[in-house]
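Report on one structure; see the data block that follows.
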Number of protein chains: 2
Amino acid sequence: MKTIEEFLESKNIRVTAMRLLIYKFLAEKQVAVTLSDIENAFEKADRTTLYRTIKTFEEKEIVHQIDDGTGITKYALCEKGCNCEIETDLHLHFHCNNCNETICLTEHKIPQIKVPDGFVSENVNLVVKGICDKCSGQ
Amino acid sequence: MKTIEEFLESKNIRVTAMRLLIYKFLAEKQVAVTLSDIENAFEKADRTTLYRTIKTFEEKEIVHQIDDGTGITKYALCEKGCNCEIETDLHLHFHCNNCNETICLTEHKIPQIKVPDGFVSENVNLVVKGICDKCSGQ
DNA sequence: ACAATAAATGCACTTCCATTGCATTGGTTA
DNA sequence: TAACCAATGCAATGGAAGTGCATTTATTGT
């Protein structure tokens, strides 16, 4: 079990207080978060720093971006089973129309999609919308 | 073969010069277009009019919205086989990373997606990214 | 045909998110 | 300790989406 510091270093990300905090914040969350979510959680920090931190995490492939159709980009830590680098191996995302949260269904792989002749599929983005387990369980 | 005027009227859309032009523009295009695309095509018209025309078309279900992950909403005419009202019967969209165009693969239905227990799927958005037929055929 | 009414259009403005330039701070290394 | 580079903070910009209101255009009833 690596420490977060060691993990970040192994990904060539310089360890700073801010980055540790943001990483922990993402790790605690079970859902994908927006920049504003992070902003609200760290009111003392500057928007830009949070923005660039997330971008750094994205480049170093420890965070992936999710476009769930709400128009606002969301982010989530890549977890075991999330091979974002391997574009053909993307999992799907679920967006709850009730609580408005978006979660990664890491274990649910996207089925092979057939495209017409001449088309080359490099990457698939699949967002299922509906009611999540918490909201439907009421 | 109905005229466009008759078609619009049958959908309870009042026929105006602007709407006819925009409809024709969409019909000519084989790809999904952004608001800016329309704006560029009709520089004399006001942005708001174009915006609201598209929204009207959307409400009356002759146009559907596509979120292809570029962050910019695109629109396309609903064609034969496009039953946008029936949410479970959505076709998929293909976004070309080369020419940056998004096209509707109307005949390609989205496969049934399994979601975990407790989750209720209401709607599925699937965008495949890659290289389109025109670009790969070089 | 004309007045009354309703819808469509145009203009101005606002909001929200994403992004960038530049100055400053802070940590690393020679 | 000086020099350097990365990280942070501040300010500002840009683009797209959306809204309020005045004006024009079309429709309806008399």
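Here is the naming used below: chain letters follow the sequence lines, and residue numbers restart at 1 for every chain.
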Contact letters for nucleotides 8-15 of chain C, in which S counts primed atoms plus P, OP1 and OP2 and B counts the base, heavy atoms under 4.0 Å: SBBBB---
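In this structure, B/T102 and B/V31 have side chains that are not in contact, with every pair of non-hydrogen atoms separated by 4.5 Å or more. For the pair A/T34 and A/Y75, the minimum side-chain heavy-atom distance is 4.5 Å or more.
Each of B/T73 and B/V15 has a nearest nucleotide on DNA chain D; the 5'-most of these lies closest to B/T73.
The interatomic distance linking A/E43 (CD) with D/dT8 (C1') rounds to 18 Å, in whole Å. Rounded to a whole Å, the CG atom of B/N12 is 15 Å from the C1' atom of D/dT27. One can place CG of B/L8 at 15 Å from P of D/dA26, the figure rounded to the nearest angstrom. Protein atom CD1 of B/I66 is 17 Å distant from nucleotide atom P of D/dA16, rounded to whole Å. With rounding to whole Å, B/I38 atom CD1 is found 18 Å from D/dG15 atom P. Distance CD (A/E58) to C1' (C/dA18): 12 Å, rounded to an integer number of Å. Look at NZ on A/K55: it is 16 Å from P on D/dT8, rounded to the nearest Å. Nucleotide D/dA16 holds its C1' atom 13 Å from the CG atom of B/N40, rounded to whole Å.
Phosphate contact (OP1/OP2 of D/dG18, side-chain N/O of B/Y51, threshold under 4.0 Å): present.
Annotation: A/H93 is not in aromatic contact with A/H108 [ring centroid separation under 6.0 Å not met].
Pairs of residues two or more places apart, or lying in two chains, that qualify as ring-ring contact (aromatic ring centres under 6.0 Å, His included) and include a residue from residues 9-50 of chain B are B/F7-B/Y23, B/F25-B/F42.
B/E59 contributes no side-chain N or O that, together with a main-chain N or O of B/T56, makes up a donor-acceptor pair within less than 3.5 Å.
Ion pairing between A/R47 and A/E39 holds under the 4.0 Å rule for side-chain N and carboxylate O.
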